[in-house]
Amino acid sequence: MSELPLLARKLDEADELASLRDRFVLDDVVYLDGNSLGALPAHVPDRVADVVRRQWGELRIRSWEESGWWTAPERIGDRIAPLVGAAPGQIVVGDSTSVNVFKAVVAAIRMADAGRDELLVDATTFPTDGYIAESAARLTGRTLRPVTPAEVPGALGERTAAVLLNHVDYRTGRLHDLPALTAAVHAAGALAVWDLCHSAGALPVGLDEHGVDLAVGCTYKYLNGGPGSPAYLYVRKGLQDRFDSPLPGWNSHAEPFGMSASYAPAPGAVRGRVGTPDILSLLALEAALDVWDGVSVAVVRAKSLALTDFFLRCVAEYTEPGRVECVTPERHTERGSQIALRCPDAGEVMKRLISRGVVGDFRHPDVLRFGFTPLYVGFRDVERAARVLAEELA
Ligand SMILES: *Cc1c(COP(=O)(O)O)cnc(C)c1O
């Protein structure tokens, strides 16, 4: 008889974040896909209903001012800021991650010295970042050079304009060394652009502390903003005056209601805006961020590592040796908040897991992905997931 179920109960009892689970709508499935779509915070439906019925239905046009719609992108950016280690005034919310990657990479190239003709991109990146980087390079007359994050220090040089990297790899869950890589990029005189999709809300990022130049991220993964909730763009304070947006829509104008024929960029983070924000999604996100009140990202990170450690231990004990291969690094300094296991029949295995109430996801061609959201995943969930997995693999 394994001691792991008992241990799981003890770990849950000692978990200071355990009560946060009640802030979410969850049934009795084990939800390990919060790295793809975060769960619904329980208070969000009523807040969204108020936005629709009262703010839109009754106040109508007045809500742009009276309900704070116009300033929502920068206001909500300031709510995300402490979660990624940024002082206020540097983050604006809106558009998708893909669009923000475009803004950030083109703006970074425009800020770099004109003679620098290379854009480095993570060769293992989530595909959209790679596609956008290729287009950005073509548009700005630079050469795109795909390299793995480990190859970045050796690839940097006088030709490097900017580097686009992922903080955590979406497939393997590998955490890259943001402080060291940012420092290396700066030592080469280039700009560092980070994609935080798989780290924000799961671990400390420290954007200001590590001098990151530009960053983007989505809000529907660990930030639980809802399907298609808008992404964000961070531009370091010291660079904001030089941020030359490739999408200078009227919302980023210094006087948007001046309706001037000529463009003059707004100061600060507002310069990263484009057009009219999608208010319904934006305000659902704003409500969802309330679950973070009083929550320390350091505590979230400690629990995240404990969850993934415990999952690996349960898998090792329950699963026949050699049946799966873990592609997520063992070392804490190299691990995000997910575990990726490879096995040849991963697609079929994941279908069976989901039918048994253990929801992870499958990534082509052979990866089982399990995301651990410390706000609502507990240790008994982890033990159950590993047990069901072992049964389906047997
Ligand atoms: C999830 C994710 C995206 C998603 O981009 P969208 O424009 O929101 O569809 C982009 N990059 C990375 C690294 C991701 O993990």
Side-chain angles (χ1 to χ4, degrees), residues 17-27 31 33-84 86 88-97 100 196-202 205 216-234 251 269-270 272-273 275-297 299-300 337 371 373-377:
L17 299 179
S19 66
L20 293 180
R21 188 192 175 97
D22 297 338
R23 298 189 192 173
F24 290 88
V25 177
L26 290 163
D27 45 30
Y31 191 64
D33 216 0
N35 55 340
S36 204
L37 177 65
L40 171 67
H43 65 284
V44 167
D46 285 348
R47 292 273 292 277
V48 171
D50 178 64
V51 172
V52 173
R53 290 183 201 284
R54 189 180 56 83
Q55 296 185 6
W56 179 14
E58 294 169 26
L59 299 178
R60 289 178 290 270
I61 196 76
R62 289 166 53 190
S63 271
W64 283 106
E65 256 198 58
E66 291 175 28
S67 304
W69 287 359
W70 185 263
T71 51
E74 47 275 17
R75 177 177 75 242
I76 300 169
D78 283 345
R79 294 278 312 270
I80 293 172
L83 301 175
V84 291
Q90 302 174 99
I91 296 183
V92 71
V93 179
D95 311 309
S96 62
T97 303
N100 282 299
L196 310 177
C197 280
H198 282 274
S199 59
V205 178
V216 303
C218 66
T219 61
Y220 49 78
K221 293 172 184 164
Y222 293 104
L223 297 177
N224 314 303
S229 60
Y232 56 90
L233 170 69
Y234 164 91
N251 273 229
V270 172
R273 288 176 62 163
T276 306
D278 41 1
I279 292 297
L280 300 184
S281 288
L282 202 50
L283 299 191
L285 165 64
E286 183 173 35
L289 290 170
D290 285 358
V291 296
W292 291 94
D293 289 349
V295 175
S296 144
V297 179
V299 172
V300 165
S337 200
T373 305
L375 299 187
Y376 53 74
V377 173

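Throughout, numbering of the chain's residues begins at 1 and tracks the sequence. Just so you know, these numbers come straight off a predicted model, no measurement behind them.
To the nearest 0.5 Å, atom CD1 of residue Ile61 and atom CD of residue Glu65 are 10.5 Å apart. The line from CG of Leu17 to OG1 of Thr373 is 12.0 Å long, rounded to the nearest 0.5 Å. For the atom pair CG (Asp22) and CG (Leu20), the distance works out to 8.5 Å, reported to the nearest 0.5 Å.
A search for ring-ring contact (aromatic ring centres under 6.0 Å, His included) contacts involving Phe24 returns Tyr376, not counting sequence neighbours. For Glu58, the side chain to side chain contact (heavy atoms under 4.5 Å, CB included) partners two or more places apart in sequence, or in a different chain, are Arg54. Among residues two or more places apart in sequence or in another chain, the side chain to side chain contact (heavy atoms under 4.5 Å, CB included) test is passed with Ser67 by Gln55, Leu59, Ser63, Trp69. Ala81 meets the side chain to side chain contact (heavy atoms under 4.5 Å, CB included) test with Ala86, Ile91; sequence neighbours excluded. Scored by the ring-ring contact (aromatic ring centres under 6.0 Å, His included) test, Trp292 finds no partners at all (sequence neighbours excluded). Every residue two or more places apart in sequence or in another chain that forms a side chain to side chain donor-acceptor pair (under 3.5 Å) with Asp95 is listed here: Lys103.
Remark: the backbone N or O of Val84 is not paired with any side-chain donor or acceptor of Tyr234 at under 3.5 angstrom. Within the 3.5 Å criterion, the main-chain N or O of Gly272 finds no donor-acceptor partner in the side chain of Asn251. In this structure, His43 contributes its side chain and Arg23 its backbone to no donor-acceptor pair below 3.5 Å.
Side-chain contact between Pro41 and Asp290: absent, with no pair of heavy atoms (C-beta onward) separated by less than 4.5 Å. With a 4.5 Å cut-off on side-chain heavy atoms, Tyr222 and Asn35 count as touching. When side chains are defined from C-beta on, Leu280 counts as touching Val52, because their heavy atoms get closer than 4.5 Å. Within the 4.5 Å cutoff, side-chain heavy atoms of Tyr232 are placed close to those of Leu196. Counting heavy atoms from C-beta outward, Asn224 and Leu375 have side chains that approach closer than 4.5 Å.
Between Arg47 and Glu286 there is no salt bridge, since no side-chain nitrogen of the basic residue lies less than 4.0 Å from a carboxylate oxygen of the acidic one. We find that Asp293 and Arg79 are joined by a salt bridge, their nearest charged nitrogen and carboxylate oxygen being less than 4.0 Å apart.
Residues Leu283 and Ala72 share a closest heavy-atom pair of CD2-CB, 4.1 Å. Residues Leu223 and Cys218 approach most closely at CD1-O, 4.1 Å, considering heavy atoms. In this structure, Val93 and Ile80 approach most closely via the heavy-atom pair CG2-CD1, 3.8 Å. Nearest heavy atoms, Ser96 versus Ala231: C-CB, 3.4 Å. Contact between Gly226 and Tyr220 at its shortest, heavy atoms only, is O-CB, 3.1 Å. Closest of all the heavy-atom pairs between Gly68 and Arg75 is O-NH1, 2.8 Å.
The environment of CH2 in Trp56 is sparse: at most 12 heavy-atom neighbours from other residues, nucleotides or ligands sit within 6.0 Å.
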